[in-house]
Amino acid sequence: MRYHQAVHDVPLLMEGCDSVEQGDDLNVRDLLPDELVRSSLKLPDLPEREVVKHFVNLSQMNFGVDNGLYPLGSCTMKYNPKVCDEIVWWETVAGLHPLQDTGTTQGALALMHGLEQMLCEIGGVDAVTLQPAAGAHGEYTGMHIVRAHHESTGEDRNEVILPDTAHGTNPASAAMVGYDVLDLPSKDGCVDVEALKATISDDTAAFMLTNPNTLGLFEKDVTEIARIVHESGALLYYDGANLNAIMGKTSPGAMDFDIVHFNPHKTFATPHGGGGPGAGPVGVKAFLEEYLPVPRIVKKDGVYRLDHDRPKSIGKVRAFYGNFGVLVRAYAYILMLGGDGLERASEGAVLNSNYLKEKLKGIFDMPYGDLRKHEFVLSGKPLRQKGLRTTDFAKRLLDYGFHAPTIYFPLIVDEALMIEPTETETKDTLDAFVEACRMIMAEDPEILKGAPYNTARRRIDEAKAARDMILSWNAYEKKMADGAGSR
Ligand SMILES: *Cc1c(COP(=O)(O)O)cnc(C)c1O
């Protein structure tokens, strides 16, 4: 096997240092009121060299988009050009403070205003807010806009409908805004138009849809769906977390959606994973603009200012103006590619996806139709005959130097394997992935059951890792004091 992950013994920074700084000699102390000063800051006292070694060693025990194919469906783990990261460290970007007077931040406001306009064009919408901090947060903001709209027209609508292929954040966001969520069963992997007609009513506030949906299928009846939703007085919400399939080809606005959120950290060059930071700009058609969060960036007589005077606004959804660093990356990426470049990116994503699908569909089952957009979903059902599950196959891929695809989602596919190669991978890489899949399927099932072998950590308890997170030194100390934890 060609791939071996590095294994380093990396103590926690607090364990690796000789002394812990109490913060006494930090020169900011004199500037702060006594009640805001903590007696123990507990900062590890280490030379820069030790800190760099710590983080570089940790990074070598991990797998990321920069080491190889990361075909995590729905997540668009594509390569992010490094120039977009570099710009964010410029003093004129990183050195800004959100409380600066707008007279000193015209450049930043021009950038955000420009990005709003670019997203309007890409999304086919009339106005965009950059404030939400992630895709799910954009959905949440969008659902508040739905609520504000129906309140202003005096309608009492308390249901949100979504198809059973929806991303898990969709029902969660609708429920958090107080809506009852109705799950619509799909037909042949797409929205069942007759079922939608039967479900929609005067109680429906919105229908949330991802198109292409999470199976990678384009919802062919989208025009009919939009008509049905609007005739019933409901709004149509587009989950635009992954725009990678459609940029420059069509847009949510052209498909008659009223509200859309974007994920710059998937489509527009911000590295992601591990919880952020991301962003979740929300775009709307003109009739919903008055509900967008405050402040709005407005330009008058060549000067940008922040307008808080929006009586119908849903208010603020986040401190200040959003995750600025993510917005700067998106702006740089979109300018760099231009309209033609974005269109080519989408063409490449769809081509790579269909190429890989053709090569893999003989190895696995492939339910629901054929032509896919930027991603496709296979079924690992053939593994069952060998006493294996999709997760065993996914773990074994790591031993071949490939990150695993998304597994067990969408829920309507048995033993699902959701693969999104993205446009940034070469044909050689895709061919090597196919070869690895073929070799793994020919291996002794017992080998797969024990995988992975060549990674820094072997098979981990995923439920524990997700439920029992210890993310700070304080939390770790508390856990040890409670006697329950172990590293
Ligand atoms: C990633 C994703 C989301 C949620 O975005 P976050 O930024 O992770 O909150 C929503 N819908 C779809 C289809 C996604 O892929």
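Numbering of residues begins at 1 and proceeds along the displayed sequence. Read the numbers this way: they start at 1 and go in the same order the structure lists the ligands and their atoms. The shown structure was predicted, so the numbers you read here are calculated from the model rather than taken from an experiment.
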For residues 125-135, which residue pairs pass the side-chain hydrogen bond (donor to acceptor under 3.5 Å, both in side chains) check, not counting sequence neighbours?
none
Residue pairs passing the side-chain hydrogen bond (donor to acceptor under 3.5 Å, both in side chains) test where at least one lies in residues 199-211, sequence neighbours excluded:
none
All pairs passing salt bridge (Lys or Arg N to Asp or Glu O under 4.0 Å) where residues 72-82 contributes a residue, at least two apart
Asp66-Lys82, Lys78-Glu423
If we count only N and O atoms by modelled type, under 3.5 Å, do the side chains of Asp164 and Ser186 hold a donor and an acceptor together?
yes
Arg227/Glu224 under salt bridge (charged side-chain N to carboxylate O under 4.0 Å, His left out): CA gap, chis, key distance, verdict:
CA-CA 5 Å; Arg227 196 187 54 75; Glu224 170 77 349; 3.2 Å; yes
Report all protein residues having a heavy-atom distance below 4.0 Å to some atom of ligand 1; order the list by chain, then number.
Ser74, Ala134, Gly135, Ala136, Glu139, His167, Thr169, Asp239, Ala241, Asn242, Asn263, His265, Lys266
Polar contact flag, side-chain donor to acceptor under 3.5 angstrom, Glu420-Thr76
yes
